[in-house]
Participant: 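Quick one: the structure is below, questions incoming.
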Number of protein chains: 2
Amino acid sequence: MAIETPLRCKQCSLYFESDNFCAQLSPIELVNLNRESRSAKLKRGDSFSDESLAQWPVVAVESGVLSLQHIMQDGRKTIAALFMRGDIIDLRSISDRKRGNLIALGKARVCRLSPSIFEKVVKANPDAHQVIWDNLREQTFRAIEHSVDLAKKQALEKLASFIFECRHHEGANDKSSSIVSIPIRRLDLAEYIGMQPETVSRCFRELESKGIIELETLTTIVIKNIPALRRIANGDRSVEENVKLENPDMKIISFA
Amino acid sequence: MAIETPLRCKQCSLYFESDNFCAQLSPIELVNLNRESRSAKLKRGDSFSDESLAQWPVVAVESGVLSLQHIMQDGRKTIAALFMRGDIIDLRSISDRKRGNLIALGKARVCRLSPSIFEKVVKANPDAHQVIWDNLREQTFRAIEHSVDLAKKQALEKLASFIFECRHHEGANDKSSSIVSIPIRRLDLAEYIGMQPETVSRCFRELESKGIIELETLTTIVIKNIPALRRIANGDRSVEENVKLENPDMKIISFA
DNA sequence: CGGCAAGTTGAGCCAGGTCAACTCCGGTGG
DNA sequence: CCACCGGAGTTGACCTGGCTCAACTTGCCG
């Protein structure tokens, strides 16, 4: 009798989307990996205990958003990284101090993988190897890209950058879509891009008042002027001046 | 006749330090990898052309400091990441926009590896695989850690953090050493931690005036009070208040 | 030993943080 | 179904840390 793909995997989106890790695996590999793994449903605020991470330091994100949070002595909190569907979070041999806390920012589904079986599968299966290798490099450059945003950009630019980050994540397939959903709360967003929630709110308003975006709901925005938003995100300060120059048309007329 | 390790590799520190990639390889693997690779000496400001990176997207750092720089439309420059001895920079399949420019911050030696041979060796040699996997994860978490510094810390805290980052890099062996050398210019340091060079200078002075560090030369500092510096780096604001409380001793006596 | 880039110092200003008051929304129980 | 409640988000007023600009000093390299 042929070996059957485990039911749990058959229902998991990581198995269906061909560019994800589990989709590369054979039924026998899935059975082995599945036997030693634990999937879990998380709700907002759920975090992984140190013991859990010691035993299952490899976490595959099936849906939802996870975050890596650092808390400073005086209570300032930072969201250092976001993880979404398809990310494989490998926390092996990362010292506790550097690691931070892995916390769900909303309802999420994850699969905690046994490191030894995971390792075995990766070594044996070149396609799977390729996928997680690409994913890890993607995570690295996402973090580096994020550092760029944080280092020198100002508030409006950071927010614009973040909107594109969201857009890239969800609608990688539909490049022309101008509807973007923000998958996290304002509070978390602020902590991720290193600003105050008040400032985030003000910046959304400013983009809206300039006619560049429209706030459909708290979690859904429509980009009305993609190139302008792109220029802001890239730190082209002339955008803001252009708007200033375009608006006073009436005044110029009044001089005539 | 036994296969000889290539002379170039015999002279390379990556081959001698047992925790580095090349040290895991057999002579035959080294010969193969070496044949298709190009080593290079760099001086400050040297950068890799896009064509060079297309052909050799994998760069091993033998000595010196490389940086990944992003330049915004209006000229603001950010150093998004630093790479030092032992780092393997893998830029394969990273889009140009995200990648930034790879630029040396001082004299440096690198080895540009053929991606195909590199891939082959990695797949065949589990020890080598382990080393570069660990290195890539290390890079990821270094970038995440750096994001934490940039997001919410203030100037003094970022500088303190950076000093520990330097200390960690060089003297990983000697934990009690209080002498730290800063391997990059003030200007580059400022761009890395997202501040102005003027502010960097002022923060160095402030740490010095508090007796926490001493500036030996521009590139060498001595930490006089490691715990205090650590607390500042971790964002414990009570440190600064403590100093304020300790200093006015004389005033208290004058009240007696 | 001159020339230039890097680093430092000072003065003034502004983007964004802080604090407080308010509104909005989703969940809960009567 | 509605009243209530608490947390999230928003708005306004104020304030300050760090950016900016300019002048100066230092250190490096020919």
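Excluded from the calculations below are hydrogen atoms, water molecules and symmetry mates; all remaining heavy atoms, backbone and side chain alike, are included. Order of the sequence lines fixes the chain letters, A, B, ..., with proteins taken first and strands second; residue numbering starts at 1 for each chain. On a predicted model such as this, the values are computed, not experimentally measured, just so you know.
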Participant: Using whole Å, report how far NZ of A:Lys107 lies from P of C:dG26.
Facilitator: 14 Å
Participant: Quickly work out the A:Gln154 CD to C:dA15 C1' distance and round it to whole Å.
Facilitator: 8 Å
Participant: What does A:Arg202 touch in the nucleic acid at a heavy-atom separation under 4.0 angstrom: a base, only the sugar-phosphate, or nothing?
Facilitator: base
Participant: Whole angstrom is fine here: how far is it from CD1 in B:Ile182 over to C1' in C:dA6?
Facilitator: 16 Å
Participant: Ignoring backbone atoms, establish whether A:Ser201 has a side-chain N or O less than 4.0 Å from OP1 or OP2 of D:dG9.
Facilitator: no
Participant: Which is more 5' along DNA chain C, the nucleotide nearest B:Arg185 or the one nearest B:Arg205? Just name the residue.
Facilitator: B:Arg185
Participant: Quickly work out the B:Phe204 CZ to C:dT9 P distance and round it to whole Å.
Facilitator: 13 Å
Participant: So which of B:Lys107, B:Arg85, B:Arg109 actually passes salt bridge (Lys or Arg N to Asp or Glu O under 4.0 Å) with B:Glu62?
Facilitator: B:Arg109
Participant: Report the distance from atom CG of B:Leu218 to atom P of C:dT8, rounded to the nearest whole Å.
Facilitator: 6 Å
Participant: If you compare every side-chain N and O of B:Arg186 against the phosphate oxygens of C:dA6 (OP1, OP2), does one of them come in below 4.0 Å?
Facilitator: no
Participant: Please report the shortest heavy-atom distance between B:Asn20 and B:Gly86, naming the atom on each side.
Facilitator: OD1-CA, 3.5 Å
Participant: Side chain of B:Ser209, backbone of B:Glu206: donor and acceptor closer than 3.5 Å?
Facilitator: yes
Participant: Would you say the side chain of B:Glu191 lies within less than 4.5 Å of the side chain of A:Lys152, judging by non-hydrogen atoms?
Facilitator: yes
Participant: Atom CG of B:Leu159 to atom C1' of D:dG17: distance rounded to whole Å?
Facilitator: 15 Å
Participant: Atom CG of A:Leu215 to atom C1' of C:dT23: distance rounded to whole Å?
Facilitator: 16 Å
Participant: OP1 or OP2 of D:dA8 less than 4.0 angstrom from a side-chain nitrogen or oxygen of A:Arg44, does that happen here?
Facilitator: yes
Participant: Between P on D:dC19 and NZ on A:Lys153, what's the gap in Å once rounded to a whole number?
Facilitator: 17 Å
Participant: A:Ile232 and side-chain contact (heavy atoms from CB on, under 4.5 Å): which single residue from A:Asn225, A:Ile163, A:Leu207, A:Leu159 fits?
Facilitator: A:Leu207
Participant: Between the base of D:dC21 and the side chain of B:Glu198, is there a donor-acceptor distance below 3.5 Å?
Facilitator: yes
